[in-house]
Number of protein chains: 2
Amino acid sequence: MAVSKAAVDKRPMIERIRAAAIALFKARGYHGTPVRELAQAVHIETASLYYHFASKQEILFDLIAQTIEAMLDGVQLAIASESTPEGRLRVAVRFHVLYHIARQDEAFVSHSELRSLSRANYKRILVKRDRYEKFIRALLADGVRSGAFEIDDVPLTGTAILTMCSGVSDWFARRGRLTPAKVADHYANLVIRLVAAK
Amino acid sequence: MAVSKAAVDKRPMIERIRAAAIALFKARGYHGTPVRELAQAVHIETASLYYHFASKQEILFDLIAQTIEAMLDGVQLAIASESTPEGRLRVAVRFHVLYHIARQDEAFVSHSELRSLSRANYKRILVKRDRYEKFIRALLADGVRSGAFEIDDVPLTGTAILTMCSGVSDWFARRGRLTPAKVADHYANLVIRLVAAK
DNA sequence: GTCTATAACTAGATAGAC
DNA sequence: GTCTATCTAGTTATAGAC
């Protein structure tokens, strides 16, 4: 029937705004997205947005903060059940890749729009991101200590691994040849190959 | 002396505009950079910009096109003197990494502002980028054929390598602990480790 | 919690003098 | 090749009614 042409979105308005912001910021960027379009996407007027968020900047900050926090929580949970450095690194990589596919748009925006954060907000996000990077580097260092890994330069290798794995949020949509699980397995194998002792 | 407080930039205005655009688009994004600021950066009025470029969009397109073309030319030249698949891949990676450090800002903008291109310009750039990706994949496929490399999925591994190596334009400025040459060597080693047959 | 109306400002681009 | 002046439109955000 004509009535239900557009399905009613039952989520709280604040979540619908977040979701719309993710899609629009990804497609056209933060500065490239007028607040008006954000409002249109959730079928309210521009002014009504300001009941939910103090500013456009606050929407961006909320979105990025949530994305990184969920990622750190997720990876910590993922490795908890593993008992070896290789096992922990493997599930961490799998989690990281799957997260960057499942929440591809958030991940993309959280990376590409860091520069659109205000100075103060940027600093708050960097703290969170550093925490995540240190966590991954610790996994590598553990493996080196136990003899499972052979790594010349742990910080550099850690960064290389993270940029490689985060990259999936860049290209996954373009070529959906492989399932997320297959891509994650593949990346886990690549990473192990990169660090494993002979 | 007070006269030469700001050194006179002797390059043609069109090049100075390009250089300023790279810096500003990197720092604040294409949509985040008003044409007025671009003009101020090269000490002319906004209107004068339009003598050199038809539009802001044309500046972005020119900049990205040049960056990718120079990269393809460069990598082809770099591998010409190598006679083995491993040698060719090694110098290709070294070149790619050094290019992404030496022309860090161009590389960053060329990647992050693809979405700010008009539809038509975007397509023209994709053609160039695909050419580059195919070139790298061919290097991998050659090595597999000769038995030098063992790669499960050449396109996926190619993409993983490229995103990893392009990533240096993201982080190199933040932590200048290593020289460009050291980083390039390190990445070449990582990539070889990723593909070499045992 | 959403609206209409609008303030206050900034955007990209052009006309035409020099 | 660069300028001053300006057009037209779009921007974020607010005031106050409902």
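Atoms considered below: every heavy atom in the structure, side chains included; atoms not considered: hydrogens, waters and symmetry mates. What you are looking at is a predicted structure, and each value in this text was computed from that prediction instead of being measured.
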Outer limits of DNA chain C sitting under 4.0 Å from a non-hydrogen atom of chain B, read 5' to 3', are C:dA11 to C:dA15
Counterpart residues, ring pair (Phe, Tyr, Trp, His ring centres under 6.0 Å), relative to A:Tyr187 (two or more places apart) | none
Pairing residues for A:Glu82 by the salt bridge (charged side-chain N to carboxylate O under 4.0 Å, His left out) criterion, not counting sequence neighbours = none
For the side chain of B:Ser112 and the backbone of B:Phe108, is there at least one donor-acceptor N/O pair under 3.5 Å apart?
-> yes
List in chain and number order the residues that pass ring pair (Phe, Tyr, Trp, His ring centres under 6.0 Å) with A:Tyr132, two or more places apart in sequence or in another chain; answer none if no residue qualifies.
-> A:His96
Modelled atom types, side-chain donor and acceptor of A:His111 and B:Asp170, under 3.5 Å = yes
Sub-4.0 Å heavy-atom contacts from residues 30-40 of chain A onto DNA chain C, ordered by number = none
Taking 4.0 angstrom as the limit, do B:Asp153 and A:Arg177 come out as a salt bridge?
-> yes
Under a 4.0 Å heavy-atom cut-off, which of residues 51-66 of chain B touch DNA chain C?
-> B:Ser55, B:Lys56
What closest approach, in Å, do A:Leu63 and A:Ser110 show between heavy atoms, and which atom pair accounts for it?
-> O-OG, 4.4 Å
Report the residues that fulfil salt bridge (charged side-chain N to carboxylate O under 4.0 Å, His left out) with A:Arg124, sequence neighbours left out, ordered by chain and then residue number.
-> none
Residues two or more places apart in sequence or in another chain: which of them pass salt bridge (charged side-chain N to carboxylate O under 4.0 Å, His left out) with A:Arg115?
-> B:Glu113
Would you please name every residue forming a ring pair (Phe, Tyr, Trp, His ring centres under 6.0 Å) with A:Phe95, sequence neighbours left out?
-> A:Tyr99
Could you list the residues that satisfy salt bridge (charged side-chain N to carboxylate O under 4.0 Å, His left out) with B:Asp185, not counting sequence neighbours?
-> B:Arg94
Please identify each residue that fulfils side chain to side chain donor-acceptor pair (under 3.5 Å) with A:Asp152, with sequence neighbours left out.
-> none
Watson-Crick and G-U pairing of DNA chain C written in dot-bracket, each distance under 3.5 angstrom, with | for inter-strand partners = ||||||||||||||||||
